[in-house]
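Structure, as structure tokens:
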Amino acid sequence: MDNTRSFFSYALALILLMVAGALGYMAIEGWDFLDAIYMTVITLATIGYGEVHSLTRAGRIYTMVLILIGVGFVGYMGAAVIQFMVEGRIRAVLGRRRLDRKIEKLKNHFIVCGYGRIGKVLCAHLRHEQVPMVVIENDEKQLPLLEESELAFLIADSSNEAVLVRAGIHRARGLIAALGTDVDNVFLVLTARQLRPDLYIMARGSYAESRSKLKAAGASTVVSPYEIGAVSMAQRILRPTVTNFLDFAMTYKRRDIQMEEIPVSPNSRYIDQTLKDSRIRQELNLILIAIKQNDGTMMFNPSFETRLEAGTTVIAVGHPENLARLGKALNPDRIETE
């Protein structure tokens, strides 16, 4: 940024020098602006095409002064231009190589395809939770925003197999298709599913009729932002207190209360213990809302006699620090790998 500002400062100074030189010839020799600026340009450029008109004694002295002052500055300006172009190119190449090395080292990450309105919000939440990710965006206009975000990114077509491989799809935990149109998302899901049959793929679907197509293409989950938004608006009208509580619990900006889901690892010390014996509620001051069983069913408000089994998922509400302690106890393997 500093080099860019300096470059434009030099360019402005050169323009002012040329205008000042032309005004000097107009005042001393009485020439019109075109003849004066022409004489100034050929003098500063040391081209030597010859004088426009015969110079008076004062005009010759002015020309010598203009040469001594201007030619050195023009040479310095030319060097600054070359330095600006070379350094900018080198910076871009080195920055891209640094990003490529960063992407090559990523494992168990998410690939976010599309950095539009949905993608930006999604990446902000994932980044706050320190989830590793790679962003693929086709629109070069988003390049300044991506560089400012310091995310690992690729400016390329996300439906291209080589681009997905470069983003580490064979090492990824999941892929999120958040492109602008459902057609693009369908094609992206098809391509990703062919490369990784076992990959978790979440797709954005703007229209209800696209849901079946995205599912058929291989999407694990299809989410409609408009449908979610409409349902949220209805719930705010019908159940404002409940929705306000969920907003407090789900937003990543809250520091006093959050809602979290934590998978139970086979290595957890709580395996086969009842909630009463584990004393999770008492010692960590958490509210256990539900437990997702291995068969996918949800057990809401589990009793004290409920036993924790490997593979289940605990949904709890409480202070973020207490939730982190519970996560370390229920899933020690995940903590170690991260």
Side-chain angles (χ1 to χ4, degrees), residues 107-110 112 121-133 172-174 176 200-202 220-223 225 227-229 231-236 238-338:
K107 293 181 181 179
N108 202 30
H109 60 286
F110 280 93
V112 181
V121 176
L122 176 64
C123 289
H125 281 267
L126 294 178
R127 184 174 185 179
H128 180 267
E129 297 295 331
Q130 299 182 350
V131 176
M133 76 188 94
R173 188 195 314 181
I176 303 171
Y200 174 78
I201 300 177
M202 176 184 290
S220 308
T221 305
V222 179
V223 178
E227 182 179 340
I228 293 176
V231 171
S232 177
M233 292 173 67
Q235 293 299 325
R236 289 177 189 277
L238 300 173
R239 303 174 181 87
T241 304
V242 174
T243 53
N244 286 339
F245 169 75
L246 291 176
D247 287 342
F248 285 140
M250 295 301 294
T251 179
Y252 65 85
K253 296 181 180 180
R254 295 289 298 183
R255 297 183 180 274
D256 53 350
I257 183 173
Q258 284 186 8
M259 183 180 298
E260 188 64 81
E261 64 172 71
I262 306 169
V264 181
S265 168
N267 295 328
S268 172
R269 68 175 184 267
Y270 291 136
I271 288 295
D272 292 331
Q273 287 189 22
T274 63
L275 293 179
K276 178 177 62 177
D277 295 334
S278 68
R279 299 186 59 81
I280 291 175
R281 286 169 168 157
Q282 296 87 342
E283 294 180 358
L284 298 180
N285 193 25
L286 296 173
I287 300 174
L288 301 186
I289 296 178
I291 296 178
K292 182 181 178 182
Q293 306 284 37
N294 289 318
D295 58 1
T297 60
M298 298 291 292
M299 179 188 298
F300 295 99
N301 191 22
S303 68
F304 284 104
E305 300 300 328
T306 302
R307 291 185 177 274
L308 293 172
E309 299 178 359
T312 59
T313 300
V314 174
I315 303 174
V317 176
H319 195 277
E321 292 183 0
N322 293 336
L323 290 172
R325 291 169 58 191
L326 178 63
K328 187 174 183 180
L330 293 180
N331 197 358
D333 297 332
R334 181 181 178 183
I335 300 299
E336 291 174 1
T337 57
E338 292 180 355

To check you understand the geometry: which heavy-atom pair defines the closest contact between [X] and [Y], and what is its length?
{"X": "I271", "Y": "P266", "answer": "CG1-O, 3.7 Å"}
{"X": "L288", "Y": "A316", "answer": "CD2-CB, 3.7 Å"}
{"X": "P302", "Y": "I289", "answer": "CD-O, 3.7 Å"}
{"X": "N108", "Y": "P132", "answer": "O-CG, 3.9 Å"}
{"X": "S265", "Y": "N331", "answer": "CB-OD1, 3.4 Å"}

| said: Measuring only between side-chain heavy atoms, which start at C-beta, is F304 closer than 4.5 Å to T274? | reply: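 No. Closest side-chain heavy atoms not under 4.5 Å.
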
| Just wondering, do I280 and L308 contact through their side chains at under 4.5 Å, heavy atoms? |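 L308 reaches I280 side chain to side chain.
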
Distance check, rounded to the nearest 0.5 Å: [X] atom [atom1] versus [Y] atom [atom2]?
{"X": "M259", "Y": "I287", "atom1": "CE", "atom2": "CD1", "result": "9.0 Å"}
{"X": "D277", "Y": "Y270", "atom1": "CG", "atom2": "OH", "result": "11.5 Å"}
{"X": "M299", "Y": "T306", "atom1": "CE", "atom2": "OG1", "result": "4.5 Å"}
{"X": "L286", "Y": "H319", "atom1": "CG", "atom2": "NE2", "result": "10.5 Å"}
{"X": "K292", "Y": "M298", "atom1": "NZ", "atom2": "CE", "result": "7.5 Å"}

What residues, two or more places apart in sequence or in another chain, satisfy salt bridge (Lys or Arg N to Asp or Glu O under 4.0 Å) together with [X]?
{"X": "R236", "answer": "D247"}
{"X": "E309", "answer": "none"}
{"X": "K276", "answer": "E305"}

With sequence neighbours excluded, tell me which residues meet side-chain contact (heavy atoms from CB on, under 4.5 Å) with [X].
{"X": "M233", "answer": "none"}
{"X": "L122", "answer": "V112, L126, I176"}
{"X": "V223", "answer": "M202, T221, I228"}
{"X": "A234", "answer": "none"}

Only counting residues at least two apart or in another chain, list the ones meeting side-chain hydrogen bond (donor to acceptor under 3.5 Å, both in side chains) with [X].
{"X": "T312", "answer": "none"}
{"X": "S268", "answer": "none"}
{"X": "Q235", "answer": "R239"}
{"X": "D272", "answer": "none"}

| query | Got a sec, which pairs hit side-chain hydrogen bond (donor to acceptor under 3.5 Å, both in side chains) with one end in residues 278-288, sequence neighbours left out? | reply |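 Listed by first then second residue: nothing to list.
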
